[in-house]
Novice: 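Take a look at this one; I'll ask things after.
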Amino acid sequence: MDRSSLFQLIQEQLDPENTGFIAVENFTSLVEHHELQLDPSKLDMLLALVQSNEEGQVCYQELIELMSSKRSSSFRRAIANGRRTLQREILLDETGLGLYKRFVRYVAYEILPCETDRRWYFHQNRLCPPPVFIAIVTIVQIIVFMCYGIMLNKWVLQTYQPDFMKSPLVYHPGHRAQVWRFFSYMFMHVGLEQLGFNALLQLMIGVPLEMVHGILRISLLYMAGVLAGSLTVSITDMRAPVVGGSGGVYALCSAHLANVVMNWAGMRCPYKLLRMILALVCMSSEVGRAVWLRFSPPLPSSGPQPSFMAHLSGAVVGISMGLLILRSYEESLQKQCSWWVIVFSFITFLLFAIFWNIFAYELLGVQIPPPP
């Protein structure tokens, strides 16, 4: 039975009057007496949706959304009901898996805190669309760094080369009217050490997150961290330029770490405490290094060194917007009030930053270093 035929059968037999609701008894009978060609996790969730309803009815639209693998609030409500049990073996007991499916299972246990979530993701995972956003960003960052490394003949602390700041990609307060620089700075890096740190983190954390939550949500989170980074620097460290993708990287990392902490008991990733401590130490060390380069540069420079505020603002974006995204696996963000509160807050910050960049520099008499 194909999906369209199944939908028609449900509507004709179980909701002939088009009331929008289906009696629990009727739906249970359909599940038991008809052959449903559904993956095991989806069938589990359909039964959970039935068992979780106390009014004796199932909303037809929620049922259709769930069966169509659309992000729906019914998914989380069905999981949240504590009266159901999983009748099948846990995902770790699956045998005979190929290399790719074993990797998908590994990703599921790295990212998702609930066994039902993990099984749902494992059974519905497809290669299309592939997680290309983080990979493409990383490749472009490496290519740009290699080009400037060859051109400048310098691979560490490239910002001390005057020609580095002449790049049209670097955010410089003297060029803030060139709007693309608020994003393009993420492709430039201080040196090999910063590029290596960012590339490693965004590949290790960003790719699994993109596999689970999709390219749209993870790219939105990453770019929101990048934009928040440059805008925050333009407000709090008005004379400083910005380079590096740390705003986006810290948005991903802080969102993932916060999600792990808030779902500590459910996370099954090995050595999670040790890995949490190691991640926090590495992230704190990178921030400390950025602060040191900003205020105590080891070599004479022709102007201020890049700011560290992008790291902190990226972390704030991750803990707010990112945490909500990661906790809303297979849920519609548009139906959540907290999502619109965060979107409204981000837009308010964006508008404030725009007006600040237009008027504040002149009103406050800020002496901007001459642009290269």
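One-based numbering along the sequence shown.
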Novice: Given 3.5 Å as the limit, does a donor-acceptor pair link the side chain of Q141 with the main chain of G245, or not?
Specialist: no

Novice: Please check: side-chain N/O of E210 versus main-chain N/O of F133, any donor-acceptor pairing under 3.5 Å?
Specialist: yes

Novice: Which atom pair, heavy atoms only, marks the closest approach of V104 to F122?
Specialist: CG1-CD1, 4.0 Å

Novice: Contact between F103 and L99 at the side-chain level, heavy atoms closer than 4.5 Å - yes or no?
Specialist: no

Novice: Side chains of S246 and Q194: does their closest heavy-atom pair fall under 4.5 Å?
Specialist: yes

Novice: Verify the cluster assignment for V233 and F346: are they in a single hydrophobic cluster under the rule of side-chain heavy atoms below 4.5 Å apart?
Specialist: yes

Novice: Output yes when a side-chain donor or acceptor of W180 lies under 3.5 Å from a complementary backbone atom of P168, and no otherwise.
Specialist: yes

Novice: Search all heavy atoms of T138 against all heavy atoms of Q202 and return the closest pair with its distance.
Specialist: OG1-NE2, 2.7 Å

Novice: Looking only at atom types and distance, does a side-chain atom of R176 sit under 3.5 Å from a main-chain N or O of N357, one as donor and one as acceptor?
Specialist: yes

Novice: Between G206 and I218, which heavy-atom pair has the shortest distance, and what is it?
Specialist: O-CG2, 4.3 Å

Novice: Given the rule in the side-chain contact (heavy atoms from CB on, under 4.5 Å) test, do T232 and L312 qualify, once you have shown the distances and angles that lead to the verdict?
Specialist: CA-CA 9 Å; T232 300; L312 304 182; over 6 Å; no

Novice: Would you say R102's side chain and L97's backbone share a donor-acceptor pair under 3.5 angstrom?
Specialist: yes

Novice: Applying a strict under-4.5 Å side-chain criterion to I, L, V, M, F, W and Y, I'd like to know whether L169 and I139 cluster together.
Specialist: no

Novice: In Å and rounded to the nearest 0.5 Å, what is the CD1 to CE distance from I319 to M262?
Specialist: 11.0 Å

Novice: Would you indicate whether M204, at its atom CE, is surrounded by more than 12 heavy atoms from other residues, nucleotides or ligands within a distance under 6.0 Å?
Specialist: no

Novice: Kindly compute the distance separating CH2 (W356) from CG (L364), expressed to the nearest 0.5 Å.
Specialist: 5.5 Å

Novice: Judged by atom type as modelled, is there a donor-acceptor pair below 3.5 Å linking the side chain of Y329 to the main-chain atoms of R118?
Specialist: no

Novice: What are the two closest heavy atoms between Y171 and A240, and how far apart are they?
Specialist: CE2-O, 3.9 Å

Novice: Check this for me: F355, atom CZ, are more than 12 non-hydrogen atoms of other residues, nucleotides or ligands nearer than 6.0 Å?
Specialist: no

Novice: Nearest 0.5 Å, what's the CG-CG distance between L252 and L257?
Specialist: 10.5 Å

Novice: If Ile, Leu, Val, Met, Phe, Trp and Tyr residues are connected whenever their side-chain heavy atoms lie under 4.5 Å apart, and connections chain through other members, are F183 and I136 in the same group?
Specialist: yes

Novice: Are F164 and K154 side-chain neighbours, meaning at least one heavy-atom pair lies under 4.5 Å?
Specialist: no

Novice: For residues Y106 and L274: do they belong to one hydrophobic cluster (side chain heavy atoms under 4.5 Å, members Ile, Leu, Val, Met, Phe, Trp, Tyr)?
Specialist: no

Novice: Between S328 and L324, is there a side-chain heavy-atom distance shorter than 4.5 Å?
Specialist: yes

Novice: Verify the cluster assignment for I277 and L280: are they in a single hydrophobic cluster under the rule of side-chain heavy atoms below 4.5 Å apart?
Specialist: yes

Novice: Between R327 and N259, is there a donor-acceptor pair closer than 3.5 Å when you use the side chain of the first and the backbone of the second?
Specialist: no

Novice: Does R289 make a cation-pi contact with F197, if we ask for NZ or CZ under 6.0 Å from the ring centre and within 45° of the axis?
Specialist: no

Novice: Is there a donor in the side chain of E286 and an acceptor in the side chain of Y250, or the other way round, less than 3.5 Å apart?
Specialist: no

Novice: Within the 4.5 Å heavy-atom criterion, are I235 and F352 side-chain neighbours or not?
Specialist: yes

Novice: Is the closest side-chain donor-acceptor distance between Y148 and S167 under 3.5 Å?
Specialist: yes

Novice: Closer than 3.5 angstrom, by distance alone: can the side chain of Y361 be matched with the main-chain N or O of M238 as a donor-acceptor pair?
Specialist: yes

Novice: Are side-chain heavy atoms of V249 and Y222 found at a separation under 4.5 Å?
Specialist: yes

Novice: Hey, could you give me the CG/CE distance between L323 and M321, rounded to the nearest 0.5 Å?
Specialist: 12.0 Å

Novice: To the nearest 0.5 Å, what is the distance between NE2 on H189 and CD1 on I142?
Specialist: 9.5 Å

Novice: What closest approach, in Å, do A255 and L221 show between heavy atoms, and which atom pair accounts for it?
Specialist: CB-CD2, 4.2 Å

Novice: Donor-acceptor check, side chain of H311 to backbone of F308, threshold 3.5 angstrom: yes or no?
Specialist: yes

Novice: Does the side chain of F145 reach to within under 4.5 Å of the side chain of L192, using non-hydrogen atoms?
Specialist: yes

Novice: Are I325 and W339 close enough, and set up right, to give a side-chain contact (heavy atoms from CB on, under 4.5 Å), and what steps lead you there?
Specialist: CA-CA 9 Å; I325 289 177; W339 169 252; 4.0 Å; yes

Novice: Show your reasoning for whether side-chain contact (heavy atoms from CB on, under 4.5 Å) applies to M276 and V261.
Specialist: CA-CA 9 Å; M276 173 75 69; V261 170; 3.4 Å; yes

Novice: Can you tell me how far CE of M211 sits from CD1 of I111, rounded to the nearest 0.5 angstrom?
Specialist: 9.5 Å

Novice: Between A251 and G225, what is the shortest heavy-atom contact and its length?
Specialist: CB-CA, 4.1 Å

Novice: Atom CD of residue position Q334 - does it have more than 12 heavy atoms of other residues, nucleotides or ligands inside 6.0 Å?
Specialist: yes

Novice: Which of these, T348, I347, V341, sits in a side chain to side chain contact (heavy atoms under 4.5 Å, CB included) with F344?
Specialist: T348

Novice: Tell me, yes or no, whether the heavy-atom count around F295 atom CZ, taken from other residues, nucleotides or ligands under 6.0 Å, exceeds 12.
Specialist: yes

Novice: In terms of heavy-atom contacts, does CE of M151 have more than 12 from other residues, nucleotides or ligands at under 6.0 Å?
Specialist: yes

Novice: With side chains defined as the heavy atoms from C-beta onward, is the minimum distance between L227 and V317 less than 4.5 Å?
Specialist: no

